Amino acid sequence: MTDRPVRVRFAPSPTGYFHVGGTRTALYNWVLARQQGGAFILRIEDTDEERNREEWVEGIYDAMRWVGLDWDELYRQSERKALYEAAAQQLEASGRAYWCECTRDDVDARAKERGGPPGYDGFCRDRGLRRGEGRALRFRTPDEGTTVVHDLIRGDVEFDNATIDDPVIVRSTGVPIFVLANVVDDADMRISHVIRSEEHLPTTPKHILLWEALGHGEPPLYAHPPVVVNEKRQKLSKRRDPVALELYRDEGYLPDVMLNYLALIGWSPPDHRERFTVEEMVREFSLDAVGKSPGFFDVKKLRAFNADSIRALPVDEFVAAVEPFAARLSWADRFDLERFRTVAPLVQERIEVLTEAAPMVDFLFLDEPEIDETSWAKTMNTDAISVLDAAATAWESIAWVPETIGEATLGIAEQLGVSRKKAQAPVRVAITGRTVGPPLWESLEILGRDVALARLRAARAKLG
RNA sequence: GCCCCCAUCGUCUAGCGGCCUAGGACACCGGCCUUUCACGCCGGCAGCACGGGUUCGAAUCCCGUUGGGGGUGCCA
């Protein structure tokens with residue numbers, strides 16, 4: 001069984017935004033396939049017609065492409081219904097499945113009445129019902145014995161068959177349920193390893209039982225990596241947590257950083273490095289090195305990784321990466337890529353996500369700096385007037401390069417008997433609008449002497 | 001309720017019986033550098049959930065307790 005060719009699948013359902021948790025599951029699958037020279041299959045599990053939407057399917061493709069998880073084969077379950085129907089008929093014919101007309105309310109009511117555990121009680125098991133309106137097909141699970149899940153991450157997990165209810169496998173509408181379609185496809189696609197998140201572990205015995213009932217022999221190898229959780233340690237939810245991968249893409253996270261960080265929730269390379277490329281991961285990944293306990297999705301650490309990677313980017317790549325984000329700015333028409341290129345190295349080491357890049361140097365592109373009120377109030381005191389006047393005078397005749405601009409500006413401090421900080425701050429606010437930003441002397445050089453002097457005068461005028 | 005999983009600093013983890021006085025990273029707090037911010041460098045805070053075993057020796061193995069999570073759908 002282990003010498004079967006490696007064929008893995010990632011099987012998302014298009015019922016919402018593409019999830020960071022799902023990205024990690026996809027990554028583990030993809031890495032194993034690439035490492036073993038196997039196939040990575042993308043299977044869209046769109047059997048639930050009520051909840052699926054075509055735009056979510058597109059979202060899956062976009063997200064996978066963004067992080068570079070390319071697939072070798074693509075399937076959609078909505079196009080494979082005949083296969084599931086055939087499997088259902090086979091199970092019915094062999095007596096392993098039966099039609100049931102109980103509604104959810106019936107099942108609940110009976111459970112309550114007998115005071116036992118909730119769940120289906122096998123009411124229609126031997127009623128010999130035929131297919132018909134309002135009837136669903138249930139799989140008859142064994143009443144005795146145990147089913148063992150051999151899990152590559154967790155070891156053997158044993159389930160008592162008596163605790164496994166008969167699951168519905170075909171809805172009364174004729175549409176197959178996840179468990180059926182999933183097993184039929186895994187068999188048909190000759191999947192060797194089923195790697196899916198921990199939440200599926202409790203239903204895995206049903207998959208195995210079904211697999212055997214269908215006569216497929218040895219089931220695939222299973223591996224259930226732990227779930228990714230939020231700060232309250234609950235499974236990330238599309239509803240309450242910011243988990244859409246596209247959210248991170250739009251905020252300016254690098255795709256390789258996403259993969260690196262996500263891989264680290266539950267796995268680390270043999271030498272304990274934290275930063276690695278996908279190539280390195282393909283080389284070193286091993287399922288039995290995947291941890292068992294749930295991991296918190298820590299955006300702060302993600303940001304730190306991202307900042308680090310942005311800094312390490314060759315300048316040209318950094319500039320190219322910023323361009324699409326600049327295009328979304330409210331002042332996008334004023335943005336100039338070549339001018340940005342001149343400050344890019346200075347910006348690069350000061351941001352954590354790409355969306356922060358252009359706004360940090362907006363004053364280089366706008367006609368007038370956008371004044372931050374707090375910064376202004378903090379710096380534009382009575383000393384500021386003499387500082388601004390002195391700067392204007394000093395700047396008139398010097399060579400317009402960072403070194404001399406710096407010398408001249410800091411010279412004001414001595415001349416006026418104020419601290420260097422005090423001399424620099426009002427000038428920075430007059431020029432950039434804020435107390436913090438990229439190195440000022442370099443910024444001034446790019447801005448040019450005329451514009452610089454004009455901004456000094458404008459600020460001076462506002463002070464009266 | 002029942003079934004299943006999990007348990008090392010706040011967080012992600014290293015550790016797979018002696019190398020542990022428990023290592024790294026993020027976060028946080030100091031300091032240095034410095035035209036602001038950031039980078040960089042130096043330092044600090046902080047953890048084996050609890051109780052029993054097994055063993056010469058346990059963070060590591062076993063049992064129990066507690067805690068957390070997942071499942072229990074005609075969702076996936």
Side-chain angles (χ1 to χ4, degrees), chain A residues 11-15 45-48 50-52 100 102-104 107 111 115-120 134-138 149 151 153-154 157-160 162-165 167-179 181-182 196-205 224 226-227 229 231-235 261 264-268 270-275 291-305 307-308 311 346-352 360 375 379 402 405-407 409-410 413 420-421 423-425 427-429 432 434-442:
Chain A
S13 60
T15 53
E45 305 224 327
D46 53 354
T47 53
D48 187 351
E50 308 269 299
R51 303 200 306 155
N52 297 323
C100 169
C102 301
T103 63
R104 178 79 211 189
V107 173
Y120 186 65
R135 290 176 183 172
L137 189 67
R138 282 188 190 269
V149 178
D151 189 289
I153 294 171
R154 292 161 203 282
V157 183
E158 212 173 291
F159 294 84
D160 192 342
T163 64
I164 304 172
D165 292 341
V168 167
I169 53 177
V170 178
R171 297 173 173 84
S172 53
T173 55
V175 177
I177 289 284
F178 160 72
V179 62
N182 199 269
R196 54 165 39 152
S197 97
E198 185 188 4
E199 69 205 74
H200 294 287
L201 182 55
T203 60
T204 302
H224 292 91
V227 289
V229 299
E231 61 288 336
K232 285 153 79 182
R233 304 215 67 83
Q234 296 163 317
K235 184 177 78 166
Y261 178 69
L264 222 39
I265 305 178
W267 180 79
S268 60
D271 66 358
H272 315 148
R273 253 173 322 137
E274 289 206 311
R275 301 306 313 271
K292 299 185 182 102
S293 39
F296 171 54
F297 184 76
D298 185 359
V299 182
K300 280 191 174 169
K301 187 153 183 170
L302 211 212
R303 280 184 87 89
F305 276 21
D308 200 48
R311 256 178 259 129
L346 269 23
V347 174
Q348 213 175 340
E349 63 173 43
R350 287 176 171 72
I351 60 167
E352 294 181 311
M360 175 170 281
S375 296
T379 54
I405 296 170
E407 277 169 19
T409 311
L410 291 178
R420 291 179 145 207
K421 282 190 183 181
Q424 184 253 170
V427 174
R428 179 178 288 278
V429 172
T432 73
R434 294 179 288 264
T435 53
V436 302
L440 191 52
W441 320 150
E442 285 79 357

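We use all heavy atoms of the structure for the numbers below, so side chains are in, but hydrogens, waters and symmetry mates are not. Since the structure is predicted, the reported quantities are computational estimates derived from the model, not experimental observations. In what follows, chains carry the letters A, B, and so on, assigned in the order in which the sequence lines appear, proteins first and then strands, with residues in each chain numbered from 1.
With sequence neighbours left out, A/E45 forms a salt bridge (charged side-chain N to carboxylate O under 4.0 Å, His left out) with A/R43.
A distance of 7.0 Å separates OG1 of A/T432 from CG of A/L440, quoted to the nearest 0.5 Å.
Closest approach of A/C102 and A/Y120 over heavy atoms only: SG-CE1, 3.9 Å. Nearest heavy-atom pair, A/V157 versus A/R154, reported as atom, atom and distance to 0.1 Å: CG2-CB, 4.4 Å.
Across all strands, A/L410 comes closer than 4.0 Å only to sugar-phosphate atoms, never to a base (heavy-atom distances). Contacts of A/R434 with the nucleic acid, taken as non-hydrogen atoms under 4.0 Å apart, are absent. Looking at heavy-atom distances under 4.0 Å, A/G291 makes no contact with the nucleic acid at all. At a threshold of 4.0 angstrom between heavy atoms, the contacts of A/E407 with the nucleic acid are absent. If you check every strand for non-hydrogen atoms under 4.0 Å, A/E231 touches nothing. The residue A/R303 sits apart from the nucleic acid: no heavy atom pair falls under 4.0 Å. Residue contacts for A/F159: at a heavy-atom cut-off of 4.0 Å it reaches the sugar-phosphate backbone alone, with no base atom in range. Residue contacts for A/P12: at a heavy-atom cut-off of 4.0 Å it reaches no nucleic acid atom on any strand shown. If you check every strand for non-hydrogen atoms under 4.0 Å, A/E274 touches a base. As judged by a 4.0 angstrom heavy-atom cut-off over every strand, A/T435 is placed among the base-contacting residues. Nucleic acid contact class of A/T47 (heavy atoms, under 4.0 Å, all strands): sugar-phosphate only. Looking at heavy-atom distances under 4.0 Å, A/G174 makes no contact with the nucleic acid at all. Among the heavy atoms of the strands lying under 4.0 Å from A/G295 are primed sugar atoms or P, OP1, OP2 only; no base atom is included. In this structure, A/P226 reaches neither bases nor backbone, as no heavy-atom distance under 4.0 Å exists between it and the strands shown.
Using a 5.5 Å limit on the distance between ring centres and a 30° limit on the angle between planes, the aromatic ring of A/F178 does not count as stacked on the six-membered base ring of B/C75.
Donor-acceptor pairing under 3.5 Å, judged by distance alone, is present between the side chain of A/S172 and the base of B/C74. No N or O donor and acceptor, one from the side chain of A/R154 and one from the base of B/C5, sit under 3.5 Å apart. Applying the 3.5 Å distance criterion, the base of B/A25 shares a donor-acceptor pair with the side chain of A/K301.
Phosphate contact (OP1/OP2 of B/A14, side-chain N/O of A/S268, threshold under 4.0 Å): present. Taking only side-chain nitrogens and oxygens, A/R104 comes nearer than 4.0 Å to OP1 or OP2 of B/G73.
A/D165 places no side-chain N or O within 3.5 Å of a backbone atom of A/P167 that could act as its donor or acceptor partner. Panel note: side chain A/R135, backbone A/C100; no donor-acceptor pair is recorded below 3.5 Å.
For the C1' atom pair drawn from B/U13 and B/A46, the interatomic distance equals 15 Å after rounding to whole Å. Look at the P atom in both B/A59 and B/A25: the space between them is 24 Å, to the nearest Å.
With distances taken from any side-chain atom of A/F296 to the nucleotides B/U35, B/C12, B/A76, the minimum falls on B/C12. Here the side chain of A/V436 is nearest to one of B/U11, B/C74, B/C37, namely B/C37. Closest contact between the side chain of A/L201 and the listed nucleotides B/U36, B/G10, B/C5 involves B/C5. You'll find that the side chain of A/R311 is closest to B/C39, out of B/C26, B/G24, B/C39. Of the candidates B/C74, B/A7, B/U35, the closest approach to any side-chain atom of A/S293 belongs to B/A7. Distances were taken from every side-chain heavy atom of A/H272 (C-beta onward) to each of B/G10, B/G15, B/A76; the shortest belongs to B/G15. The A/R51 side chain lies nearest to B/A76 when the options are B/U36, B/G24, B/A76. Proximity note for A/A304 (side chain, C-beta onward) versus B/A27, B/U35, B/C4: the nearest is B/A27.
Looking at A/T204 and A/H224, their side chains come closer than 4.5 Å, going by heavy atoms from C-beta outward.
The aromatic rings of A/F297 and A/Y261 stand perpendicular to each other, their planes meeting at an angle above 60°, with 30° marking the opposite boundary.
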For nucleotides 65-70 of chain B, which of its nitrogen or oxygen atoms have a protein nitrogen or oxygen under 3.5 Å away, and what is each distance?
{"unit_1": "B/G70", "atom_1": "OP1", "unit_2": "A/K235", "atom_2": "N", "d": "3.3"}

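A salt bridge is defined here as a Lys NZ or Arg NE, NH1 or NH2 lying under 4.0 Å from an Asp or Glu carboxylate O, and A/E274 with A/K301 meets this definition.
Counted by atom type alone, A/R428 and A/S375 present zero donor-acceptor pairs between their side chains at under 3.5 Å.
Pair check for B/G40 finds B/C32; Watson-Crick or G-U wobble, both atom distances under 3.5 Å.
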